[in-house]
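One-based numbering along the sequence shown. Predicted, not measured: the structure shown is a model, and the values here were computed from it.
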Amino acid sequence: MGLPDVRAVLFDMDGTLVDSDAVVDRTWTHWAGEYGIPAAEVLAIAHGSPAEATIARLRPDLSPDELAAAVARILDLECDDLSDVVPTPGAHELISTLERLGLPWAVYTSASNRLAKVRLEAARISPSILVTLDDVTRGKPDPEGYLRAAELLGVPAEQCLVVEDTVVGLAAGRASGATTAGLKGVPADIQLPDLHHLVALFLEDGGSTDLSAE
């Protein structure tokens, strides 16, 4: 399948541009042990969702202060563990391709600003526009973050491509009105085995279409 009229690309971070799956599993497993929850239950819902929402589902008994402490704990664990945080296959090539084609791009992540910056730095990715959980009032699957990223790029969400790797993230992208591209077999408008495939799609279209035209 080719690309529709795409004027900007909005990326998720973890699992999409940044391969942090191992560290997410490791830190949430550590956190689960501290809070007396089976790791499998935690890992089943932790990927792609805001930490506060994840913890509130797992431990609805926590008071507001206890919930805040639990969120702070997982944030500390994640920020302190960057040992195998790397760019996903094709991430740097895709960003270079977008920049050659004159297509703007942004990152919207369910991570906090602090965590997003350290992981993106570890992966050597420097978005000019970064929207994090700290910038929205409603996290994924609400579309607020993707709508905000599109607004900051000056492109209607309907002319954006959202690239995600989780069901909750793709739900947010779909609700924003954007075209969606899904990794890891998650259903979307465009299925991607990896980001190299998206590079090929952009180069095919870029050869005959001015993708950055006003």
Side-chain angles (χ1 to χ4, degrees), residues 8-29 31-32 35 37-60 62 67 70-71 74-75 77-78 85 88 91 105-116 119-120 123 125 127 129-152 157-158 160-195 198:
V9 182
L10 311 178
F11 292 103
D12 170 52
M13 182 182 72
D14 290 311
T16 298
L17 285 181
V18 176
D19 183 355
S20 56
D21 288 354
V23 70
V24 169
D25 287 353
R26 189 165 57 243
T27 53
W28 276 101
T29 297
W31 180 93
Y35 278 82
I37 306 169
E41 291 183 18
V42 177
L43 298 179
I45 64 172
H47 287 270
S49 297
E52 183 173 352
T54 298
I55 294 171
R57 286 180 62 186
L58 293 164
R59 287 291 306 271
L62 296 180
L67 177 60
V71 172
I74 188 61
L75 177 59
L77 288 169
E78 291 184 308
V85 173
T88 55
W105 60 281
V107 173
Y108 167 47
T109 173
S110 293
S112 68
N113 190 60
R114 174 186 165 199
L115 180 58
R119 282 192 178 158
L120 287 167
I125 294 172
I129 300 295
L130 172 62
V131 179
T132 73
L133 185 64
D134 297 333
D135 301 312
V136 299
T137 57
R138 299 175 303 279
K140 300 173 185 179
D142 191 277
E144 180 185 353
Y146 280 124
L147 291 171
R148 176 63 174 155
E151 179 185 18
L152 290 170
E158 293 79 11
C160 292
L161 177 69
V162 165
V163 186
E164 274 273 5
D165 73 314
T166 65
V167 172
V168 67
L170 282 163
R174 196 172 296 112
S176 74
T179 300
T180 57
L183 294 158
K184 302 178 183 176
V186 180
D189 298 316
I190 301 169
Q191 296 294 135
L192 300 175
D194 53 38
L195 294 182
L198 189 53

Mind running side-chain hydrogen bond (donor to acceptor under 3.5 Å, both in side chains) on T180 and E164 for me, showing each step along the way?
-> CA-CA 8 Å; T180 57; E164 274 273 5; over 6 Å; no
Provide the closest heavy-atom pair for [X] versus [Y] in the form atom of the first, atom of the second, distance.
X	Y	result
K140	S110	CD-OG, 3.4 Å
L67	A56	CD1-N, 4.0 Å
R174	A188	NH2-CA, 4.2 Å
V42	A32	CG2-CB, 3.6 Å
I74	A51	CG2-CB, 4.0 Å
P187	L170	O-CD1, 3.5 Å

Does any part of the side chain of [Y], heavy atoms only, come nearer than 4.5 Å to the side chain of [X], both counted from C-beta?
X	Y	result
L17	V163	no
V131	E151	no
L120	T109	no
L195	L183	yes
W28	H47	no

Hey, mind stepping through Y108 and L147 against side chain to side chain contact (heavy atoms under 4.5 Å, CB included) and telling me if it holds?
-> CA-CA 10 Å; Y108 167 47; L147 291 171; over 6 Å; no
Reference residue K184; test side chain to side chain donor-acceptor pair (under 3.5 Å); the match among T166, D165, T16, D194 |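 Passing option: D165.
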Separation of [Y] [atom2] from [X] [atom1] (nearest 0.5 Å):
X	Y	atom1	atom2	result
I125	F11	CD1	CZ	8.5 Å
L115	L133	CG	CG	10.5 Å
R59	I37	CZ	CD1	5.5 Å

Please assess T179 against D189 for the test side-chain hydrogen bond (donor to acceptor under 3.5 Å, both in side chains), listing each intermediate value before the final yes or no.
-> CA-CA 6 Å; T179 300; D189 298 316; 4.8 Å; no
Please work out whether the ring planes of W31 and Y35 are parallel, tilted or perpendicular, with thresholds of 30° and 60°.
->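 The rings of W31 and Y35 lie parallel, inter-plane angle below 30°.
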Just wondering, are more than 12 heavy atoms of other shown residues or ligands nearer than 6.0 Å to CZ in R57?
->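 Not buried by this count: 12 neighbours or fewer within 6.0 Å.
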Taking everything shown except E52 itself, do over 12 heavy atoms lie less than 6.0 Å from its CD?
->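 At most 12 heavy atoms, drawn from other residues, nucleotides or ligands, come within 6.0 Å of this atom.
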For T132, does its backbone N or O pair with a side-chain atom of D135 as donor and acceptor, under 3.5 Å?
->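 Yes; judged by distance alone, with no hydrogens or angles, the pair exists.
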Verify, without hydrogens or angle tests, whether N113 (side chain) and D134 (backbone) share a donor-acceptor contact under 3.5 angstrom.
->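 Absent.
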